[in-house]
Number of protein chains: 2
Amino acid sequence: MGGNETGDMSVELTGIAHGEAAGTGTLGKAVAVLEAVVMADGPQRFTDILARSGQPRGTLHRLLSHLVEEGLLVQRRDLSYEPGLRLLTLASRSWAGNRFRDVAEPHLRSLHELTGETVHLGILRETEIVYVDKVESRQTVRMSSQIGKASPVYCTGIGKAALSLLPQPELERLVAKMAFHAFTPHTHRSAETLLAEIADIRRDGHAFDREEHEIEIRCVAAPIRVSGSDLTAGISVTGPAYRVSMEQLIAWSGAVRAAAAAIGEEAAIRLGPGRGGP
Amino acid sequence: MGGNETGDMSVELTGIAHGEAAGTGTLGKAVAVLEAVVMADGPQRFTDILARSGQPRGTLHRLLSHLVEEGLLVQRRDLSYEPGLRLLTLASRSWAGNRFRDVAEPHLRSLHELTGETVHLGILRETEIVYVDKVESRQTVRMSSQIGKASPVYCTGIGKAALSLLPQPELERLVAKMAFHAFTPHTHRSAETLLAEIADIRRDGHAFDREEHEIEIRCVAAPIRVSGSDLTAGISVTGPAYRVSMEQLIAWSGAVRAAAAAIGEEAAIRLGPGRGGP
DNA sequence: TCTTAATGTTCCGATATGTGGAACGCGATT
DNA sequence: AATCGCGTTCCACATATCGGAACATTAAGA
């Protein structure tokens, strides 16, 4: 198969957040195209995807055909492409069947009852945090749009907390891959300041988000280590700055750490070899 | 694809129902393996997947490696495989971004308020119904495990309702592909009885599930047609037999039909060419 | 209406990639 | 020590993928 020299452009365009190089191997290309369509806002026309994926016309057309055949994409009557139902089927299984989430959920709830604010559960994947559960006041929404969302580690409480658990070489490998994007005036802009804060987090056992990802939003987070598993995760309590002061976050930090520790221990038991888990 | 004895009906049927023989093309094999792992109950060891997928050892090993590289699967320390986080990310987008669901949701809610019973929204895909939304009394569960689940058309209210919208040739093509499995004593066992009932459904505009899928569970459903789209769907009100009589279902049928009609019209407008939707 | 442009689809030789049977390494069990 | 079960690696072979270019099919413009 021909080399691709266009490669890096597509990564740039496809998404700022995903570091993973698009298109290694045949499957890689297929998934990259799939992601390009799914992550877009509306139905995508052939030309849109062509520009976004950087694949040659012929290749792209075949990839799309196969994705449609497999039910991962659907082609509308106006020839544009959309996510297919099979994706939903696959996904719901991987969420509902996620035992780590099950273990953590009661703790998220009690943390929510204590604080009255939104509680998140996130898992570290390379340089991103993927949110796998959320408990908030307005329970009317079932599967929050937040779930499944991936955010950069360096500007989220859970992200920084999770990083603090990594061995130094691994941490440095990840930091080297990060492109620091300034979401707010308080966002970390360099590896140095981030690493310095992580040293503090290791000492304190908890991390803060001081309006680093979104202005007027603060959180306190604690890392979750599951012994016997490679999984690194974290929980956080998040609230608007006008309602939640830094003092308040500090007051909650103990409870957050305790919940994180409890989840970690319980998960280590319930996810032991043989049983399921994320 | 090898048989599976796991006992979870949905898995068994899901596999059979996709007419697509597992493994057409390279991508097909990859997705088949992915599905085998995701649909299973716990972490799957290499040998489990080997038996289930029917692929040769070498091939399977490479496929799994690629799936892990892409983040669609994760390999645990004990070498077993599980759904990866990237799947969750893809999925949540295809659910949250589903405009058809958005359009339908308010109608599901008001139908729930009227009846007090569980309301489902499902979309037809070949010979299955895929549930894309659900409103039930116990709102505490966010994304119901039901969502994304695929059930056979011939034994569900929504399924039979949706079939009633198809042109006869298409209907017959699908019926020919069905393997009638007797879930309960009331399940359709042959194409003849099913086709006869569909004739009635076309006349009445609504369908019933008389404990055909699960014993003690009844429902009344109505089909949703979205003009200008290939999508065929339906909604239903479901309840336990001890609480919901057939008379009650008949009494609700008008409201269900009205809601279905409203969803269809609204969707036709909001999902028109250019706008998004399933 | 005719011409031009833009978009989606199909074709085909070259070859990188996937294929799968067999051999290998390793740990557990007898 | 020998056997078994399990996961991994290897390699000659075949084929699915690649991608440029030609072809179809509208939509836009003169």
Side-chain angles (χ1 to χ4, degrees), chain A residues 1-10 21-37 40 42-70 72-82 84 228 230 272-274, chain B residues 1-2 20-37 40 42-70 72-82 228 230 272-274:
Chain A
M1 285 175 194
N4 56 24
E5 51 305 272
T6 36
D8 291 352
M9 289 284 277
S10 62
T24 306
T26 330
L27 179 62
K29 289 186 187 173
V31 179
V33 169
L34 177 62
E35 191 164 56
V37 175
Q44 296 291 103
R45 290 144 32 88
F46 183 86
T47 319
D48 303 330
I49 309 171
L50 187 62
R52 194 170 298 228
S53 70
Q55 299 287 342
R57 300 167 77 81
T59 302
L60 180 64
H61 190 264
R62 180 176 38 76
L63 285 174
L64 288 170
S65 302
H66 287 170
L67 287 168
V68 169
E69 267 175 35
E70 293 304 324
L72 299 174
L73 289 179
V74 172
Q75 187 164 25
R76 290 161 40 120
R77 285 229 276 254
D78 65 355
L79 302 183
S80 62
Y81 295 86
E82 290 188 318
D230 292 324
Chain B
M1 232 186 224
E20 47 227 357
T24 306
T26 328
L27 179 62
K29 288 184 188 174
V31 180
V33 168
L34 177 62
E35 193 164 53
V37 175
Q44 295 294 103
R45 289 149 14 110
F46 184 85
T47 318
D48 302 332
I49 309 170
L50 185 64
R52 197 170 295 228
S53 71
Q55 298 289 340
R57 301 166 74 82
T59 302
L60 180 63
H61 189 264
R62 180 176 36 76
L63 284 174
L64 288 170
S65 303
H66 287 169
L67 287 168
V68 169
E69 267 175 36
E70 293 304 323
L72 299 174
L73 289 180
V74 172
Q75 188 164 24
R76 289 159 41 116
R77 284 229 277 253
D78 64 355
L79 303 183
S80 62
Y81 295 87
E82 291 188 319
D230 293 323

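Naming convention: chains lettered A, B, ... in sequence-line order (proteins, then strands); numbering from 1 in each chain.
In this structure, D48(A) has no side chain to side chain donor-acceptor pair (under 3.5 Å) partners at least two apart in sequence or on a different chain. For R57(B), the salt bridge (charged side-chain N to carboxylate O under 4.0 Å, His left out) criterion is met by no residue, not counting sequence neighbours.
Look at T26(B) and you won't find any side-chain N or O under 4.0 angstrom from OP1 or OP2 of dA16(D). Contact annotation: T59(B) reaches the phosphate of dG20(C) (side-chain N/O to OP1 or OP2, under 4.0 Å). Side-chain N/O atoms of K29(B) include one lying less than 4.0 angstrom from OP1 or OP2 on dG20(C).
Contact detail for G28(B) and E70(A): the closest heavy-atom pair is CA-OE2, 3.2 Å. What you find for L50(A) and Q55(A) is that their closest heavy atoms are CD1-O, 3.2 Å.
Counting only distance, with no hydrogens or angles, the side chain of S53(A) and the backbone of I49(A) share a donor-acceptor pair below 3.5 Å.
The distance between atom CG of L60(A) and atom P of dT17(D), rounded to the nearest whole Å, is 14 Å. Atom CD1 of I49(B) is separated from atom C1' of dG7(D) by 12 Å (rounded to the nearest Å). Atoms CG (L27(A)) and P (dT17(D)) sit 11 Å apart, rounded to a whole Å. Computed from coordinates, the L63(B) CG to dA16(D) P distance equals 14 Å when rounded to whole Å.
Evaluated for a side chain to side chain contact (heavy atoms under 4.5 Å, CB included) with Y81(B), the options V74(B), L67(B), V37(B), L34(B) yield exactly one hit, V37(B).
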Open item on the list: One character per nucleotide, please: for nucleotides 6-13 of chain C, 5' to 3', B when the base has a protein heavy atom closer than 4.0 Å, S when only the sugar-phosphate does, - otherwise.
Closed with: -SBBB---
